[in-house]
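First up is the structure itself, then whatever we jot down about it.
Below, read A as the first sequence line, B as the second, and so on, with proteins coming before strands; counting in each chain starts at 1. No hydrogens, no waters, no symmetry mates; every other heavy atom, side chains included, goes into these values.
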Amino acid sequence: MTIDEQLAYLRKGTVEIIREEDLRAKLEKSARTGTPLRVKLGADPTAPDIHLGHTVVIRKLRAFQELGHTVIFLIGDFTGLIGDPSGKSATRPQLTREEIAANAETYKAQIFKLLDPDQTVIDFNSRWMDTLGSDGFVRLASHVTVKQILERDDFAKRLAENRPLALHEVLYPLVMAYDSVALEADVELGGTDQKFNILMGRNLQREYAQEAQVAVIMPLLEGTDGVQKMSKSLGNYIGINEPPSEMFGKVMSISDELMWRYYELCTDTSLEEIERMRAAAKSGASNPRDLKVELAKRIITDFHSATDARAAEEEFNRVFKRKETPDEIEERTVTAGRWKLPRLLVEVSLAPSMAEARRLIEQGGVRLDGEQRSQVNDEVEVTTDHAPLIQVGKRRFLRVRGQSLE
RNA sequence: GCAGGGGUGGUCGAGUGGUUAAUGGCACCGGGCUGUAAACCCGGCGGGCUAACGCCCUACGUAGGUUCAAAUCCUACCCCCUGCACCA
């Protein structure tokens, strides 16, 4: 690949590259000297559950690896002390060495589904922050002015709106920036929410007489709700460790409009192909449903396998298209005998309360052995040899077997 | 400590003595439709009891009080937020 081709490849999907000329220069230098670029990505030490949103940036790391560069996956075990830079949550609890190590292992297991382990370095910023000392920290702080820090949108806004802004939060960008100095990073990746922090790294590196890193800013992926960014706490995420059938269902539940975004940011599909599919869907030549199935399969293939993807599709069709029962149904045991239907639903946790169970039944959401039961006072015979199949809604199935008391 | 603002159901946010289990949005759940767990439409959304009409309990920061009646008024307390504090 020529440098121009490499640039174009790396540019795909980015929101911004600051500055592209710098990246070009670094790529040229790397090619000339045969030294791979050091590409940094910071990670939160407390939340090692990776979801599709995180993979947007990880995919970009992989692009750098494909071009022969080194990825530094930095676990911010020190920065974690400072807490969520969005100011929503307080300081996080200090993790023990064991917990950090465990989280790092969890990270590895997940990121290596996308990244090449041989070209990846896992590091921790406590390695240099722990030995910095308070005097070192103060000296570090002398390189940045208050005004520079307050340029951050989020900070400025909170001050303007009289919302709290704790001092330690202001230090967050500083530590992150220093990580880039310590690592001598050539490139740092991050979502748009990290732009300020990454730029701070550029400034600080210059202060330390280093060449400034290039900022590669990726978009934030919307969650399954299509509105807010994907996050675990909002419950709109697709975790990469989720079982294939779960992933399939979640992908199928995104809106048709959002599907293009996922194609672009979560698969290797080229922009041209996406445009073609989009046009086909619009003209009616393709069924959006089929395109969404394809999307789901591509995503599942990345984190599981093509076989798993096919199985998940088959399962989905069976349950939702043909309205048959799933392949595997969990079985629960209850005391044998006659059960009032609502009581039974609560007993096996298909409903959280009697009131809720009644509602489900009255609304026609409950089936017993495939037959709708809308009578709240229905009774069900549960014996040791007959285990009725209970279905609540479209997707929750349970077989209930009786167990006689001794 | 002082001054001001605020604490309501999963969440946001109305309500300032009485059809208020508490408007509305979001989230969530069920149904319909379909090409999908899309979109759209309809319904539900504290809990217990009842076949059902319905009855009862719990809930608006905490604890008391006033009243026939309080999320709404009074008292005390707790918590959160913003500002003030020095140089005088």
Side-chain angles (χ1 to χ4, degrees), chain A residues 87-90 155 157-167 169 222-238 242-263 277-278 280-300 309 312-326 338 340-343 345-347 349-368 371-379 390-397:
Chain A
K88 279 180 197 154
S89 65
F155 292 163
K157 216 185 270 172
R158 281 160 68 188
L159 282 180
E161 289 171 9
N162 280 345
R163 273 157 49 219
L165 173 60
L167 192 58
E169 295 181 74
E222 293 82 2
T224 49
D225 58 13
V227 181
Q228 293 189 277
K229 72 168 183 179
M230 184 175 285
S231 85
K232 197 173 183 186
S233 55
L234 290 171
N236 60 358
Y237 68 100
I238 300 177
E242 292 189 56
S245 59
E246 198 64 23
M247 289 178 88
F248 196 96
K250 284 191 180 183
V251 173
M252 291 306 282
S253 81
I254 67 172
S255 73
D256 290 359
E257 200 38 52
L258 188 61
M259 142 167 89
W260 311 118
R261 185 100 169 131
Y262 279 38
Y263 258 117
M277 287 192 285
R278 204 175 181 143
K282 202 175 175 191
S283 71
S286 291
N287 184 334
R289 180 205 181 265
D290 298 334
L291 297 174
K292 210 181 286 179
V293 166
E294 178 59 27
L295 171 67
K297 285 164 75 176
R298 286 190 194 184
I299 290 173
I300 292 168
E313 179 189 11
E314 174 47 33
E315 177 83 2
F316 186 87
N317 285 340
R318 177 165 40 226
V319 177
F320 295 105
K321 214 172 171 179
R322 303 198 293 272
K323 303 208 188 305
E324 291 164 16
T325 52
R338 290 191 77 76
K340 288 224 171 189
L341 191 48
R343 176 75 57 201
L345 292 182
V346 173
E347 178 70 18
S349 311
L350 282 171
S353 69
M354 289 293 284
E356 179 74 33
R358 270 168 217 286
R359 253 178 251 132
L360 283 169
I361 294 164
E362 280 163 1
Q363 293 185 129
V366 176
R367 285 168 184 278
L368 197 70
E371 211 176 306
Q372 190 179 73
R373 295 298 192 98
S374 50
Q375 292 307 307
V376 167
N377 52 332
D378 262 11
E379 293 195 342
I390 307 179
Q391 179 182 358
V392 171
K394 287 171 181 143
R395 28 197 285 240
R396 293 152 72 204
F397 297 85

- Message: With rounding to the closest Å, how many angstrom separate the C1' atoms on B/U82 and B/C29?
- Response: 40 Å
- Could you go step by step and tell me if A/Leu291 and A/Trp260 meet the side-chain contact (heavy atoms from CB on, under 4.5 Å) rule? CA-CA 10 Å; A/Leu291 297 174; A/Trp260 311 118; 3.7 Å; yes
- Message: Tell me whether the count of non-hydrogen atoms from other residues, nucleotides or ligands lying under 6.0 Å of CZ in A/Arg343 goes above 12.
- Response: no
- Here the distance between atom P of B/A38 and atom CD1 of A/Ile254, to the nearest Å, is 11 Å
- Is A/Lys229 salt-bridged to A/Glu222, going by a charged N under 4.0 Å from an acidic O? no
- Task: Inspect the contact between A/Glu294 and A/Arg289 and indicate whether a charged nitrogen and a carboxylate oxygen are less than 4.0 angstrom apart.
- Result: no
- What integer distance in Å separates A/Leu350:CG from B/G30:P? 11 Å
- Atom pair distance, as rounded to whole Å: CZ in A/Arg395 and C1' in B/C28: 11 Å
- Message: On the side chain of A/Gln363, is there an atom forming a donor-acceptor pair with the base of B/G31 - under 3.5 Å, no angle test?
- Response: no
- Query: Are the charged groups of A/Arg373 and A/Glu379 less than 4.0 angstrom apart, N to O?
  - Reply: no
- Item | Gap in Å between the two P atoms, one belonging to B/A39 and one to B/G47, rounded | 26 Å
- Query: To the nearest Å, how far apart are A/Met259 CE and B/G35 C1'?
  - Reply: 11 Å
- Task: May I ask you to evaluate whether A/Arg289 reaches the phosphate of B/G35, defined as a side-chain N or O under 4.0 Å from OP1 or OP2?
- Result: no
- Rounded to whole angstrom, note down the P distance from B/A27 over to B/A76. 43 Å
- Message: If you only use heavy atoms from C-beta on, which nucleotide in B/C29, B/A37, B/A52 is closest to the side chain of A/Glu356?
- Response: B/C29
- Message: Base, sugar-phosphate or nothing for A/Gly364? Non-hydrogen atoms, less than 4.0 Å.
- Response: sugar-phosphate
- Note on the structure: Here the distance between atom C1' of B/U36 and atom CZ of A/Phe248, to the nearest Å, is 9 Å
- Tell me: CE of A/Met354 to P of B/G46, nearest whole Å? 16 Å
- Message: Using a strict threshold of under 4.0 Å (side-chain N to carboxylate O), is an ion pair present between A/Arg359 and A/Glu362?
- Response: no
- Message: Taking only the C1' atom of each, what is the distance from B/C40 to B/C81 in whole angstrom?
- Response: 42 Å
- Message: Using whole Å, what does the distance between atom P of nucleotide B/G35 and atom CG of A/Asp290 come to?
- Response: 11 Å
- Query: Taking the P atom of each, how far is B/C78 from B/G25, in whole Å?
  - Reply: 39 Å
- With under 30° as parallel and over 60° as perpendicular, where do the rings of A/Phe320 and A/Phe316 fit, or are they tilted in between? tilted
- Query: B/A22 and B/G13: how far apart are their C1' atoms, nearest whole angstrom?
  - Reply: 13 Å
- Proximal nucleotide (of B/G35, B/A37, B/G47) relative to the A/Arg359 side chain: B/G47
- Query: For B/C49, does either OP1 or OP2 sit under 4.0 Å from a side-chain N or O belonging to A/Arg343?
  - Reply: yes
- N or O in side chain of A/Lys340 less than 4.0 angstrom from B/A51 OP1/OP2: yes
- Query: Are any of the side-chain nitrogens in A/Glu371 or A/Arg367 under 4.0 Å away from the carboxylate oxygens of its partner?
  - Reply: no
- Between A/Gly365 and A/Phe320, the residue closer to the 5' end of RNA chain B by nearest nucleotide is A/Gly365
- For the pair made of CD in A/Gln375 and C1' in B/A52, what is the distance, rounded to whole Å? 11 Å
- Query: Which nucleotide in the list B/C29, B/G35, B/G31 gets nearest to the side chain of A/Lys394?
  - Reply: B/G31
- Message: I'd like the C1' distance from B/G31 over to B/A37, given in whole Å.
- Response: 14 Å
- Query: How would RNA chain B look in dot-bracket form, 5' to 3', counting Watson-Crick and G-U wobble pairs with both distances under 3.5 Å and writing | for bases paired to another strand?
  - Reply: ((((((((.[[[..)..(.....]]].(((((.......))))).((((....))))...[[[[[..)....]]]]])))))))....
- Task: Respond yes when some side-chain nitrogen or oxygen of A/Ser353 is under 4.0 Å from OP1 or OP2 of B/G47, and no when none is.
- Result: yes
- Message: Please report the distance separating the P of B/U72 from the corresponding atom of B/A63, rounded so that it comes out in whole Å.
- Response: 13 Å
- Query: What is the nucleic acid contact for A/Asn377, judged by heavy atoms within less than 4.0 Å: base, sugar-phosphate only, or nothing?
  - Reply: sugar-phosphate
